Structures are given as structure tokens and as C-alpha cells.
Asker: 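Can you keep this structure in mind? I'll have questions shortly.
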Amino acid sequence: MPELPEVEIARRNLVRWFDGRRLVRAEADDTRIFRGAERQRFSELSGRLESLVRRGKYLLFAFEGGRGLMGHLGMTGKFVRRTEGHVEPYSRARFHLDDGHVIHFSDPRMFGRMEPAPAAALRVLDSVKLLGRDPLADGLTAGQLQAAVGSSRKPLKVALMDQERLAGLGNIHAAEALFRAGLHPSREPGSLTSDEWKRLVQAIRATIDFGLKEQEGEEPVYLEEGRSENPFLVYGRAGGPCSQCGTAVESFTQGGRTTHFCPKCQPRSGVHAPKPRAGKR
DNA sequence: GATAATGTTGGAAG
DNA sequence: TCTTCCAACATTAT
């Protein structure tokens with residue numbers, strides 16, 4: 001369920017877990033997380049973790065000896081640290097460290113991905129090289145946001161989730177950022193005023209900061225796991241009161257994903273009349 | 001049982 | 001060719 005903040009927390013945890021330690025054995029099950037990649041090269045990884053870079057929702061591992069790994073958590077992937085001998089459910093790949101710990105890549109739905117590649121080649125992997133600016137790693141100004149997203153003719157929220165325009169926002173955090181900015185998800189990117197771009201860039205920062213605070217800790221905490229209440233401002237609150245004005249939060253489908261918004265705090269000004277949707281056959 | 005879920009991709013349809 | 005839509009991936013939770 002990882003979007004930028006969750007992946008960044010995963011990165012920080014991994015850096016901490018690897019700090020001062022050596023990878024003594026890497027092994028992975030034969031599952032679809034490798035897609036077309038060469039799984040056997042996963043087991044060639046070893047030694048110190050020299051760098052771990054996050055680009056959007058992707059993690060780029062560089063190990064001693066120039067070997068590397070691209071990782072993506074998909075919808076349900078996570079890295080957890082266990083002691084040697086523990087059986088981790090849905091563990092798909094494992095890093096055995098020299099301190100008795102095993103870092104598992106656990107992913108029940110296997111939407112995540114692993115691709116071993118020379119460390120120097122990671123940034124030019126097809127899926128990585130096309131990524132847009134990363135708001136946290138690269139910084140983001142209102143002008144840069146406008147340049148990246150303003151030319152899209154898709155609805156604003158869909159454009160924000162386009163990883164080639166802006167890397168890292170997913171369904172939850174795009175909705176949250178739009179709520180914070182008071183912008184309707186269906187706004188046309190080209191119609192935003194410079195004041196609205198400023199509001200949006202600040203909202204994106206606030207959303208990411210909130211997500212980082214929300215997720216920090218030893219274990220990845222996802223919404224459905226032991227989370228007593230929904231920590232988000234609008235996401236998942238359809239039918240409930242808006243946290244700001246009390247109006248009922250609404251939801252609709254956009255770009256194949258469910259979008260939540262407050263009709264009062266996020267007015268439709270500037271929205272084109274909704275295109276009549278073709279009925280399904 | 002039906003439905004939907006924090007992501008990405010590939011192919012069909014327009 | 002470009003854009004849009006949708007199924008697929010595999011599992012859990014409501």
C-alpha cells in the first residue's frame with residue numbers, strides 16, 4: 001500500500017538494518033515478483049549495502065561489488081526484519097545478515113517487483129528512467145509542479161498520479177493533497193491559477209510529511225493491519241463528515257480508481273462538464 | 001458470495 | 001499514432 005512516504009520509510013528502515021552489517025546470503029523463491037528478470041542474480045548479491053536510493057515508489061539498492069537491485073512494493077509488498085529461523089508469511093525473497101537477522105520481502109499479492117541489475121544500470125531501467133520529479137528527493141516548487149502536471153489533459157488527480165509527470169503520489173496521497181489544497185479532483189490541470197499551484201505544492205509537501213510521520217517506526221503499518229482508525233482526511237471517508245466542514249464526503253471512479261473528495265471544500269469551479277460516460281456493453 | 005483494496009502493465013478499443 | 005479503458009496479477013477484509 002505503499003506510496004512515496006511508505007516507500008521512504010521502508011528505505012530508512014533498510015538503511016538502518018543494513019548499517020554496519022553484511023549481507024551474507026540472498027535467496028528468493030521462484031515467483032512472479034521477478035517477472036522477466038533473472039532471479040538467480042538475486043542470489044549473487046552480497047556484502048555491504050553501499051547505497052539505497054528511492055525514486056518515486058522504486059527502491060534502488062547498490063551492493064558492494066557493483067551489484068544492484070531494483071525493488072517495487074506494488075500494492076502489498078513490505079520489508080520486515082525477523083530473526084533467523086522465523087517463518088514469515090508470504091515471504092518472497094530474503095536477505096540474511098551477519099547479525100542473525102533476516103530481512104524478508106513479503107508480498108501476498110505479488111504485485112511487487114524485484115529486478116537484479118548492475119548498480120550502475122538501475123537508473124536506466126525502463127520503469128525508472130521515465131520517472132518524473134520526486135517531490136521529496138528532488139524538491140518541488142510551484143513552477144516545477146505546474147511544468148510537470150499543467151500540460152496534462154487528464155483530470156488533475158489522474159495527472160498527479162502519473163509517475164512520469166510526478167513520481168511518488170498514489171491514490172491515497174493524491175486525494176489527500178487535493179483535499180488539503182481545496183481543489184476538485186476533476187479540475188483541468190491547465191486551468192489552475194498560480195495561486196492554486198502554490199496551494200497544491202504546499203499540500204503535497206504537507207501530505208508527504210504527514211505520511212512520513214504516520215508511518216515511521218520499526219514495522220510497516222498499513223491501513224488494514226491493526227489500524228484502529230482511518231488516519232486520512234478524505235480517503236476512505238465516503239459518506240462520512242468532512243473533517244473540515246462536516247459536509248458528506250463523496251466518492252467516484254476516476255481513471256479506474258476510487259476518488260474521495262469534499263464537495264464543499266473542493267468546489268468544481270473550473271471543471272469541464274463531465275463527459276457522458278458510455279454505458280457498458 | 002460479491003466487492004473493493006495504497007500499483008503497474010499490456011492489450012483492446014476508440 | 002495517441003489516448004482511454006479495463007482486465008490481470010493473488011489475497012484479504014468487509
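Order of the sequence lines sets the chain letters (A, B, ...), proteins ahead of strands, with each chain counted from 1. None of these values were measured; they are calculated from a predicted model.
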Asker: Any Lys/Arg nitrogen of A/Glu64 or A/Arg22 sitting under 4.0 Å from an Asp/Glu carboxylate oxygen of the other?
Answerer: yes

Asker: List the residues meeting ring-ring contact (aromatic ring centres under 6.0 Å, His included) with A/Phe179, not counting sequence neighbours, and say none if there are none.
Answerer: none

Asker: Quick one: is B/dA5 close enough that its OP1 or OP2 comes under 4.0 Å of any side-chain N or O from A/Arg109?
Answerer: no

Asker: Ignoring the backbone of A/Tyr58, work out which of B/dA4, C/dA10, B/dT8 is nearest its side chain.
Answerer: B/dT8

Asker: Look at the side-chain N and O atoms of A/His72 and state whether any lies under 4.0 Å from the OP1 or OP2 oxygen of B/dT8.
Answerer: yes

Asker: Does A/Arg180 make a cation-pi contact with A/Phe210, if we ask for NZ or CZ under 6.0 Å from the ring centre and within 45° of the axis?
Answerer: yes

Asker: Looking at A/Asp138, is its backbone amide N or carbonyl O close enough to the side chain of A/Arg133 to form a donor-acceptor pair, meaning the two atoms are under 3.5 Å apart?
Answerer: yes

Asker: CD1 of A/Ile172 versus P of B/dA4: gap in Å, rounded?
Answerer: 17 Å

Asker: Who else is in A/Tyr58's hydrophobic cluster (ILVMFWY, side-chain heavy atoms under 4.5 Å, direct or via others)?
Answerer: A/Val53, A/Leu60, A/Met70, A/Leu122, A/Leu125, A/Val128, A/Leu131

Asker: Rounded to whole Å, how long is the line connecting atom CG of A/Leu73 with atom C1' of B/dA5?
Answerer: 16 Å

Asker: When all nucleic acid strands are considered with a 4.0 Å heavy-atom cut-off, which category describes A/Gly170: base, sugar-phosphate, or nothing?
Answerer: sugar-phosphate

Asker: Which residues pass the side chain to side chain contact (heavy atoms under 4.5 Å, CB included) test with A/Glu196, not counting sequence neighbours?
Answerer: A/Leu183, A/Arg187, A/Leu192, A/Thr193, A/Arg199

Asker: Using OP1 and OP2 only, check whether a side-chain N or O of A/Arg113 sits under 4.0 Å from B/dT9.
Answerer: yes

Asker: According to salt bridge (charged side-chain N to carboxylate O under 4.0 Å, His left out), who are the partners of A/Arg257, at least two apart in sequence or on a separate chain?
Answerer: none

Asker: Would you confirm whether A/Gln146, through its side chain, and A/Ala142, through its main-chain N or O, come within 3.5 Å as a donor-acceptor pair?
Answerer: no

Asker: Is it true that a side-chain atom of A/Ser106 and a backbone atom of A/Pro89 form a donor plus acceptor pair closer than 3.5 Å?
Answerer: yes

Asker: Taking CD1 from A/Ile33 and C1' from B/dG7, how many angstroms apart are they, rounded to a whole number?
Answerer: 15 Å

Asker: Using a strict heavy-atom distance below 4.0 Å, which residues from residues 160-168 of chain A are in contact with DNA chain B?
Answerer: A/Gln163

Asker: Quick one: ring-ring contact (aromatic ring centres under 6.0 Å, His included) pairs with a partner in residues 98-133 of chain A, sequence neighbours left out?
Answerer: A/Phe79-A/Phe105

Asker: Show me, range against range, the stems involving DNA chain C, built from at least 3 consecutive Watson-Crick or G-U pairs below 3.5 Å.
Answerer: B:2-5 with C:11-14, B:7-14 with C:2-9

Asker: Specify the separation, in whole Å, of atom CZ of A/Arg55 and atom P of B/dT8.
Answerer: 14 Å

Asker: So which nucleotide from C/dC9, C/dT11, B/dA5 ends up closest to the side chain of A/Pro108?
Answerer: C/dT11

Asker: For the pair made of CE in A/Met110 and P in B/dT8, what is the distance, rounded to whole Å?
Answerer: 18 Å

Asker: Residues two or more places apart in sequence or in another chain: which of them pass salt bridge (charged side-chain N to carboxylate O under 4.0 Å, His left out) with A/Glu44?
Answerer: A/Arg67

Asker: Between C1' on C/dA7 and CE on A/Met75, what's the gap in Å once rounded to a whole number?
Answerer: 14 Å

Asker: Where along residues 202-211 of chain A does a heavy atom fall under 4.0 Å from DNA chain B?
Answerer: none

Asker: Taking CG from A/Asn171 and C1' from B/dT8, how many angstroms apart are they, rounded to a whole number?
Answerer: 13 Å

Asker: Give me the distances for all protein-to-nucleotides 1-3 of chain C N/O pairs that come in under 3.5 Å?
Answerer:
none

Asker: Once salt bridge (charged side-chain N to carboxylate O under 4.0 Å, His left out) is applied, do any residues pair with A/Glu115, and if so which ones, sequence neighbours excluded?
Answerer: none

Asker: Establish, with yes or no, whether the OP1 or OP2 oxygen of B/dA5 is under 4.0 angstrom from a side-chain nitrogen or oxygen of A/Thr258.
Answerer: yes

Asker: With centres under 5.5 Å and planes under 30°, do A/Phe111 and C/dA10 count as stacked?
Answerer: no

Asker: Could you give the CE-to-P distance, from A/Met70 to B/dT8, as a whole number of Å?
Answerer: 11 Å

Asker: One thing to verify: whether A/Arg113 and A/Asp107 come together as a salt bridge, which I'm taking to mean a side-chain N less than 4.0 angstrom from a carboxylate O.
Answerer: no

Asker: In chain order, what residues pass the salt bridge (charged side-chain N to carboxylate O under 4.0 Å, His left out) check against A/Glu250, with sequence neighbours excluded?
Answerer: none

Asker: In whole Å, what separates the P atom of C/dT1 from that of B/dT8?
Answerer: 26 Å

Asker: Look at the side chain of A/Arg92 and the backbone N and O of A/Pro108, then say whether any donor-acceptor pair between them is shorter than 3.5 Å.
Answerer: yes

